[in-house]
Amino acid sequence: MRKLDSIEQKMENFSSKLGEMENSVRALRRELNSSKVAQAELDKTVKDLKESVDFGHGRIDQVELKAFKHDSALKEAKEALEKKYLYLEAYSRRENLKFAGIPESEGESQEDTRRTLVEFLSNQLGFHHPEEIEFQRIHRIGKKGDRPRMIIARFLRYADRERVMKNAFKLKETDFKIFEDLPKELFSLRKKWILYSYKKPTVRKKLKTIGSVSGKAQLQGSDYILGNVYAPNKIKEQCNFFVELQQKLDDFITIQDQRIIIGGDFNVIMDQNLDCAGGLPKEKESVKFLNDICLNYDLIDIWKL
């Protein structure tokens, strides 16, 4: 009986410990389930945070893109305004001419300068009645030194200014010079492009392929270069072509000081209403580059005269 009681007691103890173990396992399962729920919530929070960060990056990219486009638009507008101002400045000086090498007397007044210029037009350029030419203003520019200062004259009529300029070829074998009154910025811009072109053999080689200079001529005492160009058909190639054409024009005008007559096939429609009939013509992007050339050099389409 004692043994049976002992065995029964041991069985009860074992059952009690087994119950405790089951309770512990259930408690562990509850904790595990709670951990899984917490992990799921944490994963969801991390996912939401990642989506928020990605959205934020996307917004930042959009803002940066808008800022870049805005800056580009402002830069283009600034360049356009500067170009327009430069053109207006050059246009406002179109009645001006500069005369270099004309002797300057001591204590010379503006009236003396005017008489000196009139005598110069008569003696050096062969004008019969230079006193009939009307000027808005004549004066010397620059600081006094060993050499006579340059005279700048603003003509009342552009036609008189052109007559004087056309006779400038008579000064080739003398120390006198006549210059157009170009803005410093325009001269620097032309010089910059010329130096760039001539320092780069590949660019210099490319410039030589732009059309062909067919010859030189002298009309009414002025030297002209007769040019023939043939523009490509593709818009991108046309844009590059006209940019390089303007560089070459700067080259001729600045270095050789000669006027240019250009002809050829430009492969663009300048005015959809006047330059074509029938079909569905579209204005090419390259037209604005050609318009810039016409604007910069005061060119006109002779067919519209």
Side-chain angles (χ1 to χ4, degrees), residues 82-195 216 218-225 249-260 295-299:
E82 289 176 347
K83 191 171 185 180
K84 185 176 181 180
Y85 170 79
L86 187 58
Y87 169 74
L88 291 174
E89 176 70 13
Y91 190 81
S92 69
R93 300 186 185 188
R94 66 194 303 262
E95 286 85 11
N96 297 356
L97 285 179
K98 294 179 179 179
F99 300 82
I102 300 178
E104 179 179 3
S105 60
E106 186 69 25
E108 182 178 277
S109 65
Q110 286 193 6
E111 184 59 32
D112 294 333
T113 304
R114 183 186 181 283
R115 282 195 296 268
T116 300
L117 181 59
V118 170
E119 291 175 1
F120 172 82
L121 296 177
S122 176
N123 298 334
Q124 301 298 329
L125 299 184
F127 279 73
H128 295 298
H129 299 286
E131 67 279 355
E132 295 180 356
I133 297 178
E134 296 184 79
F135 300 93
Q136 297 183 48
R137 182 177 174 84
I138 300 174
H139 62 94
R140 299 270 183 176
I141 57 175
K143 295 182 179 179
K144 289 186 177 181
D146 297 334
R147 297 180 179 180
R149 292 178 296 167
M150 193 175 294
I151 294 176
I152 183 169
R154 184 171 183 84
F155 291 78
L156 181 63
R157 287 178 288 273
Y158 183 75
D160 289 335
R161 181 260 193 203
E162 281 294 276
R163 280 202 303 137
V164 172
M165 197 64 191
K166 288 176 181 178
N167 282 274
F169 73 96
K170 298 178 181 179
L171 304 176
K172 283 187 176 180
E173 303 300 327
T174 71
D175 295 329
F176 303 111
K177 300 290 182 183
I178 299 179
F179 304 98
E180 292 182 323
D181 184 24
L182 294 175
K184 182 179 179 181
E185 296 82 1
L186 181 58
F187 181 81
S188 300
L189 186 62
R190 290 180 175 181
K191 184 176 180 181
K192 175 183 174 182
W193 278 112
I194 292 168
L195 291 176
K216 297 182 180 180
Q218 193 173 81
L219 303 174
Q220 297 181 345
S222 297
D223 292 330
Y224 287 84
I225 291 178
L249 290 176
D250 286 341
D251 182 358
F252 278 119
I253 292 174
T254 305
I255 293 179
Q256 302 187 25
D257 194 25
Q258 292 173 323
R259 303 183 182 188
I260 301 176
L295 190 67
N296 290 337
Y297 298 104
D298 202 16
L299 301 179

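Being a predicted model, the structure only gives us computed values, none of them experimental.
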Checking [X] side chain against [Y] main chain: does a donor-acceptor pair fall under 3.5 Å?
X	Y	result
Ser122	Glu119	no
Lys177	Ala100	no
Asp160	Leu156	no
Gln110	His139	no

Flag the pair Asn167 / Gln124 as yes when at least one side-chain heavy-atom distance between them is below 4.5 Å, and no otherwise.
no
Side chain proximity check, Ile152 to Ile138, heavy atoms < 4.5 angstrom
no
Working to the nearest 0.5 angstrom, can you tell me the gap between [X] [atom1] and [Y] [atom2]?
X	Y	atom1	atom2	result
Arg115	Glu108	CZ	CD	9.0 Å
Asn96	Asp181	CG	CG	4.5 Å
Leu97	Met165	CG	CE	6.0 Å
Arg140	Arg149	CZ	CZ	7.0 Å
Leu121	Ile102	CG	CD1	7.5 Å

Centre of Phe135's six-membered ring, under 6.0 Å away, within 45 degrees of the axis: is that where NZ or CZ of Arg114 sits?
no
Classify the angle between the aromatic ring planes of Phe99 and Phe120 as parallel (below 30°), tilted (30 to 60°) or perpendicular (above 60°).
perpendicular
Could you tell me whether [X] and [Y] have a side-chain N and a carboxylate O separated by less than 4.0 Å?
X	Y	value
Glu89	Arg93	yes
Glu95	Arg161	no
Lys166	Glu162	no

Listed by chain and number, what are the ring pair (Phe, Tyr, Trp, His ring centres under 6.0 Å) partners of Phe127, not counting sequence neighbours?
none
For atom CG of Asp175, decide whether the heavy atoms of other residues, nucleotides or ligands shown that lie under 6.0 angstrom number more than 12.
no
Other residues, nucleotides, ligands: >12 heavy atoms within 6.0 Å of Lys98 NZ
yes
Which heavy atom of Thr116 sits nearest a heavy atom of Pro103, and at what distance?
CG2-O, 4.0 Å
Name all pairs fulfilling the salt bridge (charged side-chain N to carboxylate O under 4.0 Å, His left out) condition that reach into residues 121-139, sequence neighbours left out, sorted by first residue then second.
Glu134-Arg157
